[in-house]
A.B. asks: 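One structure follows; several queries about it will come next.
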Amino acid sequence: MEIKRTKRILGRISLRMKKQFISNQKISPYCCEISYFNKLKSNSFDLRSYLFGWVFATLLEQHGFALRIIHAGKASFKKKIFGQFIEHSLSNLF
């Protein structure tokens with residue numbers, strides 16, 4: 001979870017006053033970013049779902065989870081391309 005912060009000011013204040021307020025104002029939280037991964041426990045995923053799951057897990061550097069996803073996809077679809085994804089995940093894992 002990552003909490004984003006900003007300095008809050010009213011939009012109707014003049015530019016000169018905004019600069020003054022910004023330098024003296026405290027930073028306030030305004031939003032939060034959360035990442036959530038489906039555990040992919042269902043066996044009803046299509047090929048696309050496994051590949052997208054692997055891509056997003058890899059982009060977020062969750063290589064162990066990416067490896068688990070791609071192994072499940074390989075067991076379901078028996079495609080040769082899964083071997084390349086497994087090699088990539090293993091090389092980033094160790």
A.B. asks: Identify the two heavy atoms, one from S89 and one from L67, that lie closest to each other, and give their separation to 0.1 Å.
C.D. replies: CB-CD1, 3.8 Å
A.B. asks: Which value, rounded to the nearest 0.5 Å, describes the distance between D46 atom CG and L51 atom CG?
C.D. replies: 9.0 Å
A.B. asks: For A57 and F65, work out which heavy atoms get closest and say how close.
C.D. replies: CB-CD2, 4.0 Å
A.B. asks: Search all heavy atoms of L93 against all heavy atoms of G64 and return the closest pair with its distance.
C.D. replies: CD1-N, 3.6 Å
A.B. asks: Within this structure, what is the CD1-CD1 distance for the pair I86 and I81, rounded to the nearest 0.5 Å?
C.D. replies: 11.5 Å
A.B. asks: Rounded to the nearest 0.5 Å, what separation is found between the NZ atom of K74 and the CD1 atom of I69?
C.D. replies: 16.0 Å
A.B. asks: For the CD atom of E61 and the CG atom of N92, what is their distance to the nearest 0.5 Å?
C.D. replies: 8.0 Å
A.B. asks: For the atom pair CD (Q62) and CZ (R68), what is the distance rounded to the nearest 0.5 Å?
C.D. replies: 10.5 Å
A.B. asks: Does S76 use its side chain to pair, donor to acceptor, with the backbone of G73 at less than 3.5 Å?
C.D. replies: no
A.B. asks: To check you understand the geometry: which heavy-atom pair defines the closest contact between H88 and W54, and what is its length?
C.D. replies: CD2-CZ2, 3.5 Å
A.B. asks: Please walk me through it: do F52 and F56 pass side chain to side chain contact (heavy atoms under 4.5 Å, CB included)?
C.D. replies: CA-CA 6 Å; F52 270 124; F56 290 119; 3.8 Å; yes
A.B. asks: Can you give me the closest heavy-atom contact between F77 and L47, atom names plus distance?
C.D. replies: CZ-N, 3.2 Å
